[in-house]
Amino acid sequence: MGIFSKFKKGLSKGSELLLGAIERVSGRGSLSEDDLFDLEEAFYSCDFGPETTDDILAQVHSAHRNNKDLRGEDVRQIARAVLSKVLEGSEGRLEATENKPEVICLIGVNGSGKTTTTAKLGHLFTQDNKAVLLGACDTFRAAATEQLKAWATRLHLDLVSGHHGADAAAVAYDAYSSAHSKSCDYLLLDTAGRLHVKDHLMDELSKLKRVLQKREPACPHHSWLVIDGSTGTNGVAQAKIFHEKFGLTGLVITKLDGTSKGGALVSIYRELKLPVYFLGLGEQPDDLQPFSISSYLDSLLPELSPSKEPVA
């Protein structure tokens with residue numbers, strides 16, 4: 001399955017919700033107030049957030065005042081234009097560096113998908129002929145290390161781990177030493193899930209960073225928050241506190257294939273201007289895909305093909 005097909009399939013629930021509302025107004029001579037209300041409800045339901053939804057509806061209202069024959073396709077184009085502007089600069093990209101290893105620390109709340117994301121990232125990088133090592137730094141959840149070991153075995157990835165209850169910072173230190181000695185391109189650290197409102201758990205992340213910096217002052221080179229896409233705009237509160245406490249450099253949005261709230265990443269990016277590096281669009285290893293604005297918009301709000309243009 002191609003990259004765009006994965007985006008389209010993964011974001012299908014949100015797309016169905018939006019296109020359903022737009023379809024109901026397509027082919028009409030004009031948009032009624034009820035039509036506009038339905039559109040507003042659809043964009044809110046997809047969790048684009050109040051600011052972005054208001055921007056879209058304001059543009060629709062303005063266009064409707066100037067053109068009483070405004071059609072559903074016009075609404076689609078207006079929404080795409082607004083979202084394109086909001087998302088400018090949001091595509092996270094890993095640039096080639098001289099860091100060996102380049103350390104990526106994955107953090108977030110329980111159940112966000114950090115462990116599977118760590119393994120899928122490793123798989124993605126090895127497909128690009130990069131040498132990768134995984135660090136199992138979630139030493140608090142009993143099954144976390146075993147889960148990452150299972151993924152590592154399945155995907156033929158190297159792993160450094162410790163025993164249950166071990167010092168996560170010590171595991172990270174050992175993993176860095178191993179990755180450095182093997183000249184790995186990437187070291188991916190899976191950390192324990194923690195509530196963003198628990199200060200002592202956030203302090204453990206700070207300790208992990210301090211210990212890594214004894215080996216390499218720039219570590220971790222990347223600190224990515226993994227957010228369950230189904231949480232919608234609640235992810236904004238998570239991201240703000242993690243960013244304040246730990247200093248995030250990017251986002252990975254997971255589990256978008258099971259939710260209609262695909263607009264949440266727009267809300268988070270608009271609030272914090274943190275680039276989105278990857279989207280989780282399914283359960284298979286290659287369902288983690290680099291974020292692309294064009295693929296995102298084409299999946300949620302595909303442009304109408306010429307053969308389907310409404311008849312005037």
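FYI, the numbering just counts along the sequence from 1.
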*Spatial distance of atom CZ (R80) from atom CG (L297) [nearest 0.5 Å]*: 5.0 Å

*Do L208 and C105 touch side chain to side chain, with heavy atoms closer than 4.5 Å?*
yes

*Roughly how far, to the nearest 0.5 Å, is the CZ atom of R93 from the OG atom of S292?*
6.5 Å

_Any donor-acceptor pair under 3.5 Å from S45 side chain to E41 backbone_ = yes

*Identified side-chain contact (heavy atoms from CB on, under 4.5 Å) partner of Y176 from the options V103, L189, V211*: V103

*asked:* Within a 6.0 Å radius of atom CD on E51, are there more than 12 heavy atoms belonging to other residues, nucleotides or ligands?
replied: yes

*Under 3.5 Å, is there a donor-acceptor pair between the side chain of Q213 and the main chain of C219?*
yes

*Please report the closest heavy-atom contact between S299 and S15, naming both atoms and the distance.*
O-OG, 3.1 Å

*Would you check if L94 and I104 make a side-chain contact, meaning some heavy-atom pair closer than 4.5 Å?*
yes

*Side chain of S90, backbone of P275: donor and acceptor closer than 3.5 Å?*
no

*Looking at CD1 of I227 and CG of L265, how far apart are the two atoms once the value is rounded to the nearest 0.5 Å?*
9.5 Å

*Hey, quick one: are I268 and Y277 part of the same hydrophobic cluster, counting side-chain heavy atoms closer than 4.5 Å, chains of contacts allowed?*
no

_Hydrophobic clusters here meaning ILVMFWY residues chained together by side-chain heavy-atom distances under 4.5 Å, can you tell me if L187 and L248 are in one?_
no

*List the steps and the verdict of side chain to side chain contact (heavy atoms under 4.5 Å, CB included) for V75 and D35.*
CA-CA 11 Å; V75 174; D35 292 332; over 6 Å; no

*Side chains of T139 and D167 in contact at under 4.5 Å (non-hydrogen atoms)*: no

*Does NE2 in H221 sit with more than 12 non-hydrogen atoms of other residues, nucleotides or ligands closer than 6.0 Å?*
yes

_Shortest non-hydrogen separation from K114 to L106 and the atoms involved_ = CD-O, 3.8 Å

*NZ of K273: more than 12 outside heavy atoms within 6.0 angstrom?*
yes

*May I ask you to check if K214 and Y173 form a cation-pi contact, with NZ or CZ under 6.0 angstrom from the six-membered ring centre and within 45° of the axis?*
no

*Shortest non-hydrogen contact from F140 toward A192*: CD1-CB, 3.8 Å

*Going from CG on D55 to CZ on F43, what distance comes out if it is rounded to the nearest 0.5 angstrom?*
11.5 Å

*Over 60° means perpendicular and under 30° means parallel, so classify the ring planes of F278 and F125, tilted if in between.*
perpendicular

*What is the minimum heavy-atom distance between P101 and A179, and which atoms define it?*
CG-CB, 3.7 Å

*asked:* Between K245 and D203, does any side-chain N to carboxylate O distance fall below 4.0 Å?
replied: no

*Does L212 belong to the same Ile/Leu/Val/Met/Phe/Trp/Tyr cluster as L121, with side-chain heavy atoms less than 4.5 Å apart forming each link?*
no

*asked:* Quick check: do L157 and L188 have side-chain heavy atoms less than 4.5 Å from each other?
replied: no

*With the side chain counted from C-beta on, respond yes when L19 and P302 share a heavy-atom pair under 4.5 Å apart, and no when they do not.*
yes

*Does a side-chain N-to-carboxylate-O contact under 4.0 Å join K207 and E204?*
no

*Between the main-chain N or O of A175 and the side-chain N or O of S178, is there a donor-acceptor pair closer than 3.5 Å?*
no

_Quick check: do D128 and L124 have side-chain heavy atoms less than 4.5 Å from each other?_
no

_Is it the case that the side chain of T52 and the backbone of G49 share a donor-acceptor pair, with hydrogens and angles ignored and the cut-off at 3.5 Å?_
no

_Can you confirm whether D138 sits close enough to T145 that some side-chain heavy atom of one is under 4.5 Å from a side-chain heavy atom of the other?_
no

*Is a side-chain donor or acceptor of T115 paired with a backbone partner of A144 at a separation under 3.5 angstrom?*
no

*Would you find a donor on one side and an acceptor on the other, under 3.5 Å apart, between the side chain of T126 and the backbone of V132?*
no

_Heavy-atom closest pair, residues T249 and L274_ = C-CD2, 4.2 Å

*Just wondering, do D54 and F48 contact through their side chains at under 4.5 Å, heavy atoms?*
no

*List the atom of L133, the atom of C184, and the distance in Å for their closest heavy-atom pair.*
CB-SG, 4.0 Å

_From CD (E146) to OG (S161), nearest 0.5 Å_ = 8.0 Å

*Is the backbone of G263 close enough, under 3.5 Å, to the side chain of D47 for a donor and an acceptor to pair up by distance?*
no

_When you group the ILVMFWY residues by side-chain heavy-atom contacts below 4.5 Å and let the links chain together, are I56 and Y269 in the same group?_
yes

_Same cluster (ILVMFWY, side-chain, under 4.5 Å), V266 and L18_ = yes

*Working to the nearest 0.5 Å, report the span between CG of D286 and NZ of K120.*
9.0 Å

*Taking atom NZ of K100 as the centre, does the number of heavy atoms from other residues, nucleotides or ligands within less than 6.0 Å exceed 12?*
yes

